[in-house]
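Proteins get letters first, then strands, A, B, ... in listed order; numbering begins at 1 in each.
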Amino acid sequence: MSEKIHLDHDHAHHLMKAMLRIRRFEEKCAELYSGGKIRGFLHLYIGEEAVAVGVMEAIGPQDTVVATYREHGQALARGVPMTAVMAEMYGKVEGCCRGRGGSMHIFDRERQFLGGNAIVAGGLPVAVGLAMAHKQLGRNAIAVCFFGDGAVAEGEFHESMNLASLWDLPVLFVCENNLYAMGSAIERVQAEPELHKKAAGYAMVAERVDGMDVIAVEAAARRAAETVRTSGKPYFLECRTYRFRAHSMFDPELYREKAEVEVHRQRDPLTVFPAFMKECHLANDDDIARFEDEVARELDEAVAFAEAGHWEPIADLARDLYRRETL
Amino acid sequence: MNERRITYREALREGLLEALRTDERVLLIGEDVGRYGGTYAVSKGFFDMFGADRIRDAPLSESGFVGAGIGAAIGGLRPIVEIMTVNFSLLALDQIVNNAATLLHMSGGQYNVPVVIRMTTGAGRQLAAQHSHSLEGWFAHIPGLRIVTPATLEDARGMLWTALDDPDPVLIFEHAMLLNREDAIDDEVGAVDLDHAVIRRPGRDVSLITYGGMLFKCLDAADILFNEGIDAEVLDLRSLRPLDESAIIASVRRTGRAVIVDEGWRSGSLAGEISARLMEQAFYDLACPVARVCTAEIPIPYPTHLEQAALPQIDDIVAACLEMFHDQ
Ligand SMILES: Cc1ncc(C[n+]2csc(CCOP(=O)(O)OP(=O)(O)O)c2C)c(N)n1
């Protein structure tokens, strides 16, 4: 575990609980998916929790967050209520997007969260534009953009890196390198698998961090966000992580050995971090049990909320196609 | 009334200039809009007037800077993104179709995208296939976008204003062959309505339904037809999405005949859409089948005689109309 930030009792507990909320939420989603309550594509973030939690700790409420289709973790870490996220997964009108988006399209304007882009790399240019607006309107805000290693092969990634660097825009690029884009292992699809090196080629600071270590991620993200805020320039943070589950619920996972997954499971932030806390006397078994209870209660509430939610009337089908007509 | 004679290019320029002067949040983004002065010289001199932040020269990265315009619009600016020609907009289709058109709906009404995207369209300058296409009909297929096609000077100047006031993404298609066209403009005319088609020439016998670069060919055709004893009405659609369906139906109900003149290719075209709507709603008002005058189904060729042969011409429009009466 990295020791770079001062970790007090409360903060450690907070990080632990934030990761646990994501883990249990998603395990529940997988179960609900099998039960037919949640449909469509469902991409679980299990294994990658430390990235979302560490990065969100480092940014403020005025900053805007752009995410991908694997964004439940980021949404929860950002503070989007679990009830609203769960209702969205169900497709109920009480969901954070009135059920219009589902799992892949979670948005929450109040929390500056416009995640939920299912076009790989499609969010990067938007983050560049948001940063342009922050800068030009004199806001002390930065744009934070999450994307996977797969996005790095897309043209929009390169266009966005160039624009952000050329125009000195405050964007924190967070690459969640989980080593796979669906079934494509990084060495098989990237001529240069050291992704941070590509960013460095666009004349921006680029750094790599252990994405399974929540403290390391938070420390790096604090440093990065601060640099972006003060310099007004972009910064590239590559978080090395791993997803323990399949790409989506449809994926039979033929492209990697179970043994490989097991090796990475040794680095599971949800076992490594509690062990670390205990070792440093920051938490004991009772604390962990209490977190589990609290999360379980919150989750029950979220499921009950979603179950009790309503289907949007078909009469509202054409709603929110244009803003002007609804004004 | 204070009338002046200016070109379409100057009208576009005046609209832009006024927008930049009036609202600090307005900025122009595009390839060579700044130091070069704009590929079509529409923004010549703006760079010195407004500086690099508001007249933003973008690298060759259509998807990147169109997406940045979308993000900037969400973030509170009023970006006008210029794409050199519609052919290059294909590199930005992802941002236009998957982001600009969908975000409001997918976010349950939380994030609207008040971006304005301008681009030139159309053939006639011997630029061959990769610089001459008319793809506005494709964009008109997409719910969530507004598609407008200014043909007159008033529209060229005023549609930008209306587009900037619109909280939704608006794509403005400016026909390349109109840029040097000179005409009188009334200085009193400001923002124009984006939703309604306009009858540019009233007539009783046949409706010529058109937009953009084809408008003036239709007006010329109407003059020729008049001498032949046929009084043609010319309806300028102005907006391809939403389509002013009631204006189209009303005109055809009056005249009983419809010729749709569209520079797009006929297969899967906007002309096809209008024709279908006439079939659905005005079938019993029609004295004869709807006719379409569209571009030949080939990539636009370079040699002028072939290019002109591919495009809808005044003679083709006249012939399509005459045939309707001939058959009676
Ligand atoms: C432009 C585009 N191409 C293909 C897909 C299909 N697809 C969905 S996720 C995915 C892999 C993306 O991998 P990565 O960016 O590494 O993110 P991860 O799933 O690992 O979080 C692909 C190919 C897509 N959604 N968008």
Chain A contact via [X] - side chain, backbone, both or neither, heavy atoms under 4.5 Å:
X: B/Asp195; value: side chain
X: B/Asp53; value: both
X: B/Glu62; value: backbone
X: B/Leu103; value: side chain
X: B/Ala58; value: both

Which distance, rounded to the nearest 0.5 Å, do you find between the CZ of A/Phe305 and the CE of A/Met86?
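Separation between the atoms: 11.5 Å.
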Using side-chain heavy atoms (C-beta onward) and a distance below 4.5 Å, is [X] in contact with [Y]?
X: A/Glu307; Y: A/Lys37; value: yes
X: B/Tyr36; Y: B/Glu31; value: no
X: A/Arg100; Y: A/His105; value: no

Under 4.5 Å from a heavy atom of chain B, the part of [X] involved:
X: A/Ile106; result: neither
X: A/Ile119; result: side chain
X: A/Asp108; result: both
X: A/His134; result: neither

Please determine if B/Arg238 forms a cation-pi arrangement with B/Tyr211, meaning its NZ or CZ atom is less than 6.0 Å from the six-membered ring centre and no more than 45° off the ring axis.
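Judged by the rule, B/Arg238 and B/Tyr211 form no cation-pi pair.
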On the six-membered ring of A/Tyr322, is B/Arg146 placed so that its NZ or CZ lies under 6.0 angstrom from the centre and within 45° of the ring axis?
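Flagged: B/Arg146 positioned over aromatic ring of A/Tyr322.
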Minimum-distance pair of heavy atoms, taken over all atoms of A/Asp168 and A/Lys233:
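That closest heavy-atom pairing would be OD1-CE, 3.6 Å.
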So which of [options] has the biggest tally of heavy-atom pairs under 4.5 Å with chain B?
options: A/Glu312, A/Gln112, A/Arg109, A/Met104; answer: A/Arg109
options: A/Asn117, A/Asn162, A/Leu137; answer: A/Leu137
options: A/Glu88, A/Glu110, A/Met132; answer: A/Met132
options: A/Gly122, A/Ala133, A/Cys97, A/Ser160; answer: A/Cys97

Heavy atoms only, distances under 4.5 angstrom: which of B/Leu145, B/Ile70, B/Asp165 has the most pairs with chain A? Name it, please.
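Heavy-atom pair counts peak at B/Leu145.
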Return the option, out of B/Gly144, B/Pro169, B/Gly109, with the maximum number of heavy-atom pairs under 4.5 Å with chain A.
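Counting heavy-atom pairs under 4.5 Å, the top option is B/Gly144.
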Would a distance-only check, ignoring hydrogens and angles, find a side-chain to backbone donor-acceptor pair under 3.5 Å from B/Ser61 to B/Gly64?
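No, the answer is negative, given that no donor and acceptor are paired below the 3.5 Å cut-off.
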Applying side-chain hydrogen bond (donor to acceptor under 3.5 Å, both in side chains) to A/Glu176 and A/Gln74, what does each step give before you reach the verdict?
CA-CA 12 Å; A/Glu176 302 182 309; A/Gln74 287 109 5; 2.9 Å; yes
N-O pairing of B/Asp168 and A/Arg323 below 4.0 Å:
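No, this pair does not count.
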